[in-house]
Amino acid sequence: MSKKRILSGMRPTGKLHIGHYVGALENWIKLQNDYESYHLIADYHVLTTNLDTSEIYNNSIEMVIDWIAAGLDPAKSLIFRQSQIKEHAELYLIFSMLVTTARLERNPTLKEQVRDLNIENMIYGHLGYTVLQSADILLYKGQAVPVGEDQVPHVEITREIARKFNNQYGLVFQEPEPLLTNFSRLQGLDGDAKMSKSLNNTILLSDEPEEVKQKLRKAVTDPLKVRRNDPGRPEVCLVFTYHKKFNHENVSEIESGCKSGELGCVDCKMKCVEKINMFLEPIIYKRKQMENDIDAVKNIIADGENKAKIVAASTMDEVHKVMSLG
Ligand code: ATP
Ligand code: MG
(Lines give C-alpha, C1' and ligand atoms only; values in the text may rest on other atoms or scores of the structure.)
(Ligands and ions follow the chains in the order given, each with its own letter.)
Protein backbone atom coordinates (compact mmCIF):
# COMPACT_ATOMS: atom_id res chain seq x y z
CA MET A 1 0.00 0.00 0.00
CA SER A 2 1.33 3.44 -0.83
CA LYS A 3 2.08 5.84 1.98
CA LYS A 4 -0.42 8.50 2.95
CA ARG A 5 0.59 12.03 2.20
CA ILE A 6 1.21 14.85 4.65
CA LEU A 7 1.09 18.52 3.80
CA SER A 8 1.87 21.16 6.36
CA GLY A 9 3.56 24.53 6.29
CA MET A 10 4.66 27.49 8.32
CA ARG A 11 4.97 31.17 7.62
CA PRO A 12 8.58 32.33 7.31
CA THR A 13 8.40 35.13 9.86
CA GLY A 14 11.77 34.42 11.51
CA LYS A 15 13.26 31.89 13.84
CA LEU A 16 10.88 29.32 15.27
CA HIS A 17 9.78 29.05 18.89
CA ILE A 18 9.10 25.99 21.00
CA GLY A 19 5.35 26.39 20.38
CA HIS A 20 5.94 25.73 16.68
CA TYR A 21 7.96 22.70 17.67
CA VAL A 22 5.61 21.06 20.16
CA GLY A 23 2.49 21.92 18.15
CA ALA A 24 3.63 20.89 14.69
CA LEU A 25 7.30 20.37 13.89
CA GLU A 26 7.73 17.53 16.37
CA ASN A 27 4.94 15.68 14.63
CA TRP A 28 6.43 16.35 11.18
CA ILE A 29 9.68 14.81 12.34
CA LYS A 30 7.96 11.83 13.92
CA LEU A 31 5.69 11.16 10.97
CA GLN A 32 8.20 11.60 8.13
CA ASN A 33 9.08 7.90 8.27
CA ASP A 34 5.52 6.74 7.77
CA TYR A 35 4.12 9.37 5.44
CA GLU A 36 5.15 10.96 2.21
CA SER A 37 5.87 14.43 3.59
CA TYR A 38 5.49 17.82 1.89
CA HIS A 39 6.50 20.90 3.88
CA LEU A 40 5.63 24.29 2.63
CA ILE A 41 7.39 27.57 3.29
CA ALA A 42 4.24 29.65 3.27
CA ASP A 43 5.85 32.86 2.04
CA TYR A 44 2.77 34.39 0.42
CA HIS A 45 0.93 33.92 3.70
CA VAL A 46 3.33 36.37 5.35
CA LEU A 47 1.71 39.16 3.32
CA THR A 48 -1.55 38.75 5.22
CA THR A 49 0.03 40.51 8.19
CA ASN A 50 3.11 42.25 6.76
CA LEU A 51 3.51 43.75 3.30
CA ASP A 52 7.27 44.20 3.67
CA THR A 53 8.75 41.32 1.69
CA SER A 54 12.43 42.22 2.09
CA GLU A 55 13.07 39.71 4.88
CA ILE A 56 10.94 36.82 3.61
CA TYR A 57 13.75 35.02 1.84
CA ASN A 58 16.18 35.28 4.77
CA ASN A 59 13.45 34.24 7.15
CA SER A 60 12.69 31.25 4.96
CA ILE A 61 16.30 30.12 5.24
CA GLU A 62 16.23 30.64 9.02
CA MET A 63 13.05 28.64 9.31
CA VAL A 64 14.35 25.76 7.21
CA ILE A 65 17.50 25.69 9.34
CA ASP A 66 15.27 25.30 12.40
CA TRP A 67 13.25 22.55 10.71
CA ILE A 68 16.32 20.55 9.80
CA ALA A 69 18.23 21.28 13.02
CA ALA A 70 15.26 19.91 14.96
CA GLY A 71 15.27 16.70 12.91
CA LEU A 72 13.34 17.15 9.69
CA ASP A 73 15.21 15.11 7.10
CA PRO A 74 15.19 16.59 3.57
CA ALA A 75 15.82 13.12 2.17
CA LYS A 76 12.40 12.13 3.50
CA SER A 77 10.52 15.44 3.50
CA LEU A 78 10.13 17.80 0.57
CA ILE A 79 10.74 21.43 1.49
CA PHE A 80 9.66 24.18 -0.91
CA ARG A 81 8.41 27.75 -1.22
CA GLN A 82 4.79 28.41 -2.04
CA SER A 83 5.69 31.46 -4.15
CA GLN A 84 7.78 29.39 -6.58
CA ILE A 85 4.94 27.11 -7.58
CA LYS A 86 2.39 29.07 -9.56
CA GLU A 87 -0.29 26.41 -9.23
CA HIS A 88 -0.97 27.52 -5.65
CA ALA A 89 -2.29 30.82 -6.98
CA GLU A 90 -4.29 29.11 -9.69
CA LEU A 91 -6.03 26.63 -7.42
CA TYR A 92 -6.63 29.41 -4.90
CA LEU A 93 -8.52 31.35 -7.54
CA ILE A 94 -10.76 28.39 -8.34
CA PHE A 95 -11.35 27.59 -4.66
CA SER A 96 -12.23 31.20 -3.90
CA MET A 97 -15.42 30.62 -5.92
CA LEU A 98 -16.41 27.66 -3.74
CA VAL A 99 -16.72 29.31 -0.33
CA THR A 100 -18.79 32.20 0.97
CA THR A 101 -17.35 35.27 2.65
CA ALA A 102 -19.67 34.61 5.62
CA ARG A 103 -18.03 31.21 6.10
CA LEU A 104 -14.58 32.79 6.13
CA GLU A 105 -15.67 35.51 8.54
CA ARG A 106 -16.86 32.85 10.99
CA ASN A 107 -13.35 31.39 11.28
CA PRO A 108 -12.42 31.59 15.00
CA THR A 109 -8.68 31.71 14.26
CA LEU A 110 -9.16 34.78 12.11
CA LYS A 111 -11.08 36.41 14.98
CA GLU A 112 -8.17 35.63 17.29
CA GLN A 113 -5.74 37.30 14.90
CA VAL A 114 -7.95 40.37 14.71
CA ARG A 115 -7.75 40.56 18.50
CA ASP A 116 -4.02 39.82 18.85
CA LEU A 117 -2.87 42.11 16.06
CA ASN A 118 -5.48 44.86 16.60
CA ILE A 119 -6.65 44.63 13.01
CA GLU A 120 -9.22 47.31 12.23
CA ASN A 121 -9.55 47.04 8.46
CA MET A 122 -9.02 43.56 7.20
CA ILE A 123 -7.55 43.15 3.74
CA TYR A 124 -9.25 40.84 1.27
CA GLY A 125 -6.21 38.52 1.12
CA HIS A 126 -6.26 38.03 4.87
CA LEU A 127 -9.93 37.12 4.89
CA GLY A 128 -9.18 34.65 2.10
CA TYR A 129 -5.95 33.19 3.40
CA THR A 130 -7.66 30.00 4.48
CA VAL A 131 -8.67 29.47 0.86
CA LEU A 132 -5.03 29.74 -0.16
CA GLN A 133 -4.23 27.28 2.61
CA SER A 134 -6.84 24.90 1.21
CA ALA A 135 -5.11 25.16 -2.16
CA ASP A 136 -1.73 24.53 -0.48
CA ILE A 137 -3.00 21.31 1.05
CA LEU A 138 -5.08 19.97 -1.81
CA LEU A 139 -2.58 20.78 -4.56
CA TYR A 140 -0.47 17.96 -3.14
CA LYS A 141 -3.52 15.89 -2.17
CA GLY A 142 -2.46 16.08 1.46
CA GLN A 143 -4.49 13.59 3.49
CA ALA A 144 -3.04 14.37 6.89
CA VAL A 145 -2.21 17.86 8.12
CA PRO A 146 -0.05 17.98 11.28
CA VAL A 147 -0.67 21.41 12.80
CA GLY A 148 -1.35 23.24 16.04
CA GLU A 149 -4.90 23.61 17.33
CA ASP A 150 -5.35 27.09 15.83
CA GLN A 151 -5.20 25.54 12.37
CA VAL A 152 -8.00 23.02 12.87
CA PRO A 153 -10.72 25.42 11.60
CA HIS A 154 -8.67 25.86 8.43
CA VAL A 155 -8.54 22.14 7.80
CA GLU A 156 -12.30 22.07 8.26
CA ILE A 157 -12.73 24.76 5.61
CA THR A 158 -10.37 22.78 3.36
CA ARG A 159 -12.60 19.73 3.76
CA GLU A 160 -15.65 21.76 2.83
CA ILE A 161 -13.94 23.17 -0.26
CA ALA A 162 -12.78 19.70 -1.34
CA ARG A 163 -16.33 18.38 -0.97
CA LYS A 164 -17.81 21.31 -2.87
CA PHE A 165 -15.28 20.92 -5.70
CA ASN A 166 -15.84 17.16 -5.99
CA ASN A 167 -19.62 17.57 -6.01
CA GLN A 168 -19.50 20.30 -8.59
CA TYR A 169 -16.88 18.96 -11.01
CA GLY A 170 -15.97 15.37 -10.21
CA LEU A 171 -13.83 13.51 -7.72
CA VAL A 172 -10.30 14.92 -7.55
CA PHE A 173 -9.65 15.60 -3.88
CA GLN A 174 -9.78 13.66 -0.63
CA GLU A 175 -10.83 15.43 2.53
CA PRO A 176 -7.76 15.87 4.76
CA GLU A 177 -7.63 15.26 8.51
CA PRO A 178 -5.75 17.40 11.04
CA LEU A 179 -3.14 15.61 13.18
CA LEU A 180 -2.60 17.16 16.60
CA THR A 181 0.07 16.62 19.25
CA ASN A 182 -0.60 16.53 23.00
CA PHE A 183 0.60 20.14 23.16
CA SER A 184 -1.36 21.60 20.31
CA ARG A 185 -1.53 25.05 21.92
CA LEU A 186 1.50 25.85 24.02
CA GLN A 187 1.09 28.78 26.37
CA GLY A 188 3.32 31.84 26.13
CA LEU A 189 5.75 33.05 28.82
CA ASP A 190 3.34 35.84 29.77
CA GLY A 191 0.59 33.35 30.52
CA ASP A 192 -1.27 34.02 27.26
CA ALA A 193 -3.03 30.94 25.94
CA LYS A 194 -0.70 30.83 22.94
CA MET A 195 3.01 31.26 22.54
CA SER A 196 3.27 33.53 19.53
CA LYS A 197 5.88 35.70 17.91
CA SER A 198 3.44 38.58 17.61
CA LEU A 199 2.79 38.48 21.37
CA ASN A 200 6.51 38.49 22.16
CA ASN A 201 6.18 35.68 24.69
CA THR A 202 8.36 33.00 23.12
CA ILE A 203 11.35 30.79 23.74
CA LEU A 204 13.13 30.29 20.43
CA LEU A 205 14.58 26.99 19.28
CA SER A 206 17.81 28.98 18.83
CA ASP A 207 17.86 30.67 22.26
CA GLU A 208 21.16 30.18 24.10
CA PRO A 209 21.05 28.80 27.69
CA GLU A 210 21.42 32.19 29.38
CA GLU A 211 18.62 33.65 27.29
CA VAL A 212 16.29 30.80 28.24
CA LYS A 213 17.15 31.42 31.88
CA GLN A 214 16.38 35.14 31.66
CA LYS A 215 13.12 34.49 29.87
CA LEU A 216 11.92 31.80 32.28
CA ARG A 217 12.87 33.96 35.26
CA LYS A 218 10.22 36.47 34.17
CA ALA A 219 7.56 33.88 33.34
CA VAL A 220 4.29 34.19 35.21
CA THR A 221 3.42 31.49 37.76
CA ASP A 222 0.49 30.86 40.10
CA PRO A 223 -0.38 34.38 41.33
CA LEU A 224 -1.51 32.99 44.71
CA LYS A 225 1.90 31.44 45.44
CA VAL A 226 3.76 34.47 46.73
CA ARG A 227 6.27 33.13 49.25
CA ARG A 228 8.38 30.03 48.92
CA ASN A 229 6.38 27.93 51.36
CA ASP A 230 2.94 28.88 50.04
CA PRO A 231 1.27 25.86 48.47
CA GLY A 232 1.00 26.30 44.68
CA ARG A 233 -1.45 25.16 42.03
CA PRO A 234 0.49 23.46 39.25
CA GLU A 235 -2.63 23.17 37.13
CA VAL A 236 -2.76 26.96 36.65
CA CYS A 237 1.00 27.44 36.25
CA LEU A 238 2.51 27.67 32.79
CA VAL A 239 5.94 26.61 34.03
CA PHE A 240 4.31 23.35 35.06
CA THR A 241 3.04 22.95 31.49
CA TYR A 242 6.63 23.29 30.28
CA HIS A 243 7.71 20.69 32.86
CA LYS A 244 5.09 18.31 31.50
CA LYS A 245 6.62 18.60 28.07
CA PHE A 246 10.34 18.96 28.73
CA ASN A 247 10.75 17.32 32.16
CA HIS A 248 8.23 14.57 31.78
CA GLU A 249 10.14 12.05 33.92
CA ASN A 250 10.06 14.30 37.02
CA VAL A 251 6.63 15.77 36.65
CA SER A 252 5.04 14.11 39.69
CA GLU A 253 7.89 15.25 41.91
CA ILE A 254 7.49 18.84 40.66
CA GLU A 255 3.75 18.63 41.16
CA SER A 256 3.94 17.43 44.77
CA GLY A 257 6.76 19.86 45.61
CA CYS A 258 4.72 22.76 44.27
CA LYS A 259 1.51 21.67 46.01
CA SER A 260 3.18 21.18 49.38
CA GLY A 261 5.05 24.47 49.10
CA GLU A 262 8.42 22.78 49.49
CA LEU A 263 9.48 23.69 45.95
CA GLY A 264 9.73 27.45 45.42
CA CYS A 265 8.98 29.03 42.05
CA VAL A 266 12.58 30.11 41.44
CA ASP A 267 13.94 26.59 41.99
CA CYS A 268 11.13 25.11 39.95
CA LYS A 269 11.91 27.49 37.09
CA MET A 270 15.61 26.65 37.21
CA LYS A 271 14.86 22.93 36.94
CA CYS A 272 12.72 23.73 33.93
CA VAL A 273 15.44 25.92 32.38
CA GLU A 274 17.90 23.05 32.70
CA LYS A 275 15.59 20.65 30.88
CA ILE A 276 14.67 23.08 28.13
CA ASN A 277 18.35 23.81 27.57
CA MET A 278 19.11 20.10 27.38
CA PHE A 279 16.44 19.79 24.75
CA LEU A 280 17.72 22.79 22.78
CA GLU A 281 21.41 21.96 22.92
CA PRO A 282 21.59 19.54 19.95
CA ILE A 283 19.30 21.78 17.89
CA ILE A 284 21.55 24.79 18.46
CA TYR A 285 24.61 22.68 17.66
CA LYS A 286 23.16 21.52 14.36
CA ARG A 287 21.97 25.05 13.55
CA LYS A 288 25.49 26.42 13.93
CA GLN A 289 26.82 23.79 11.54
CA MET A 290 24.18 24.65 8.99
CA GLU A 291 24.79 28.39 9.30
CA ASN A 292 28.22 27.71 7.83
CA ASP A 293 26.74 26.16 4.73
CA ILE A 294 23.75 28.21 3.66
CA ASP A 295 24.20 27.04 0.07
CA ALA A 296 23.32 23.53 1.16
CA VAL A 297 20.06 24.86 2.60
CA LYS A 298 19.32 26.72 -0.63
CA ASN A 299 19.95 23.55 -2.61
CA ILE A 300 17.55 21.58 -0.43
CA ILE A 301 14.84 24.14 -1.13
CA ALA A 302 15.58 24.22 -4.88
CA ASP A 303 15.43 20.45 -5.03
CA GLY A 304 12.13 20.41 -3.14
CA GLU A 305 10.71 22.97 -5.55
CA ASN A 306 11.63 20.93 -8.60
CA LYS A 307 9.87 17.89 -7.20
CA ALA A 308 6.84 19.75 -5.83
CA LYS A 309 6.26 21.43 -9.22
CA ILE A 310 5.69 18.07 -10.86
CA VAL A 311 3.04 17.05 -8.36
CA ALA A 312 1.36 20.45 -8.51
CA ALA A 313 1.20 20.40 -12.32
CA SER A 314 -0.28 16.94 -12.33
CA THR A 315 -3.05 17.92 -9.88
CA MET A 316 -3.87 20.99 -11.98
CA ASP A 317 -4.12 18.81 -15.07
CA GLU A 318 -6.78 16.78 -13.30
CA VAL A 319 -8.54 19.92 -12.15
CA HIS A 320 -8.60 21.38 -15.65
CA LYS A 321 -9.85 18.14 -17.06
CA VAL A 322 -12.83 17.73 -14.74
CA MET A 323 -13.66 21.42 -15.19
CA SER A 324 -13.48 21.08 -18.97
CA LEU A 325 -10.88 23.82 -19.10
CA GLY A 326 -8.14 23.11 -21.53
P1 ATP B 1 3.18 33.02 15.49
O2 ATP B 1 1.84 32.37 15.80
O3 ATP B 1 4.23 32.78 16.53
O4 ATP B 1 3.04 34.45 15.10
P5 ATP B 1 3.05 32.24 12.81
O6 ATP B 1 1.63 32.66 12.88
O7 ATP B 1 3.93 32.93 11.87
O8 ATP B 1 3.72 32.28 14.24
P9 ATP B 1 2.20 29.78 11.73
O10 ATP B 1 2.82 29.58 10.42
O11 ATP B 1 0.82 30.31 11.84
O12 ATP B 1 3.16 30.70 12.57
O13 ATP B 1 2.27 28.44 12.59
C14 ATP B 1 3.04 27.34 12.22
C15 ATP B 1 2.54 26.11 12.93
O16 ATP B 1 2.90 26.16 14.31
C17 ATP B 1 1.04 25.91 12.88
O18 ATP B 1 0.75 24.55 12.71
C19 ATP B 1 0.58 26.40 14.23
O20 ATP B 1 -0.62 25.79 14.64
C21 ATP B 1 1.74 25.95 15.11
N22 ATP B 1 1.85 26.79 16.30
C23 ATP B 1 2.18 28.09 16.35
N24 ATP B 1 2.19 28.53 17.64
C25 ATP B 1 1.86 27.46 18.41
C26 ATP B 1 1.70 27.25 19.82
N27 ATP B 1 1.87 28.24 20.69
N28 ATP B 1 1.37 26.01 20.26
C29 ATP B 1 1.20 24.99 19.39
N30 ATP B 1 1.33 25.12 18.06
C31 ATP B 1 1.65 26.33 17.56
MG1 MG C 1 0.09 31.74 13.67
Side-chain angles (χ1 to χ4, degrees), residues 6-31 37-53 55-56 58-60 62-64 66-67 70 72 77 79-83 107-119 125-126 129-130 132-134 136-137 142 144-158 176-207 215 219 238 241-242 244-246 276:
I6 274 180
L7 183 296
S8 186
M10 291 189 192
R11 302 193 315 154
T13 48
K15 291 176 174 168
L16 297 184
H17 54 69
I18 59 173
H20 292 124
Y21 178 84
V22 305
L25 182 55
E26 185 175 21
N27 237 357
W28 298 6
I29 294 160
K30 201 165 73 195
L31 299 167
S37 298
Y38 287 71
H39 293 299
L40 177 86
I41 301 165
D43 48 4
Y44 275 146
H45 281 288
V46 175
L47 296 172
T48 57
T49 54
N50 184 5
L51 293 178
D52 180 355
T53 50
E55 285 304 312
I56 289 184
N58 285 340
N59 285 339
S60 300
E62 289 294 346
M63 182 171 77
V64 172
D66 278 332
W67 287 358
L72 199 70
S77 301
I79 295 173
F80 53 97
R81 284 169 295 166
Q82 178 187 42
S83 63
N107 171 7
T109 300
L110 192 74
K111 288 184 186 161
E112 245 173 53
Q113 286 175 351
V114 169
R115 184 204 67 194
D116 291 348
L117 305 170
N118 290 320
I119 296 169
H126 196 173
Y129 88 105
T130 320
L132 179 56
Q133 218 172 359
S134 302
D136 299 338
I137 296 169
V145 189
V147 280
E149 193 198 21
D150 61 329
Q151 301 297 313
V152 173
H154 302 160
V155 181
E156 189 50 44
I157 290 174
T158 306
E177 305 274 355
L179 291 180
L180 299 182
T181 66
N182 291 334
F183 292 84
S184 58
R185 184 180 283 257
L186 191 73
Q187 274 182 286
L189 286 164
D190 57 355
D192 190 275
K194 189 169 166 251
M195 181 174 284
S196 168
K197 175 157 277 175
S198 38
L199 300 175
N200 208 8
N201 60 8
T202 65
I203 295 175
L204 301 180
L205 287 181
S206 46
D207 276 343
K215 284 183 172 178
L238 87 100
T241 309
Y242 296 172
K244 276 199 245 171
K245 175 65 201 174
F246 297 101
I276 292 178

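Whatever order the structure lists ligands and atoms in, that order sets their numbers, starting from 1. Quick caveat: nothing in here was measured; it's all calculated off a predicted structure.
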Find all atoms of ligand 1 within a distance of less than 4.0 Å from any non-hydrogen atom belonging to [X], and give their numbers and elements.
{"X": "His17", "result": "3 (O), 24 (N)"}
{"X": "Ser198", "result": "4 (O)"}
{"X": "Asp150", "result": "19 (C), 20 (O)"}
{"X": "Ala24", "result": "18 (O)"}
{"X": "Arg11", "result": "5 (P), 6 (O), 7 (O), 10 (O)"}

Is there a donor-acceptor contact under 3.5 Å linking the side chains of His20 and Asp66?
no

Under a 3.5 Å threshold, yes or no: a donor from one side chain and an acceptor from the other, between Ser77 and Trp28?
no

Backbone or side chain, does any N or O of Met195 fall under 3.5 Å from an N or O of ligand 1?
yes

Looking at ligand 1, does any of its N/O atoms fall within less than 3.5 Å of an N/O of Glu149?
no

Just heavy atoms, cut-off under 4.0 Å: does [X] contact ligand 1 by side chain, backbone, both, or neither?
{"X": "Pro146", "result": "neither"}
{"X": "His45", "result": "neither"}
{"X": "Ser196", "result": "both"}
{"X": "Val147", "result": "both"}

Test: salt bridge (charged side-chain N to carboxylate O under 4.0 Å, His left out). Region: residues 37-50. Which pairs qualify, not counting sequence neighbours?
none

Of all heavy-atom pairs between Leu204 and Lys215, which one has the smallest distance, and what is that distance?
N-NZ, 4.1 Å

Residue Tyr44 excluded, over 12 heavy atoms near OH under 6.0 Å
no

So is Gln187 in contact with ligand 1, going by heavy-atom distances below 4.0 Å?
no

Is Thr13 near ligand 1, meaning one of its heavy atoms is under 4.0 Å from it?
yes

Is it true that a side-chain atom of Ser60 and a backbone atom of Pro12 form a donor plus acceptor pair closer than 3.5 Å?
no

Spell out, as yes or no, whether a donor-acceptor pair under 3.5 Å connects the side chain of His17 to the backbone of Ile203.
no

Nearest-option assignment for atom 12 (O) of ligand 1, heavy atoms, candidates His20, Lys197, Met10:
His20

Out of Thr48, Ile56, Ile41, which residue meets the side chain to side chain contact (heavy atoms under 4.5 Å, CB included) rule with Arg11?
Thr48

Those residues that, when tested against Phe183, pass ring pair (Phe, Tyr, Trp, His ring centres under 6.0 Å) (two or more places apart):
none

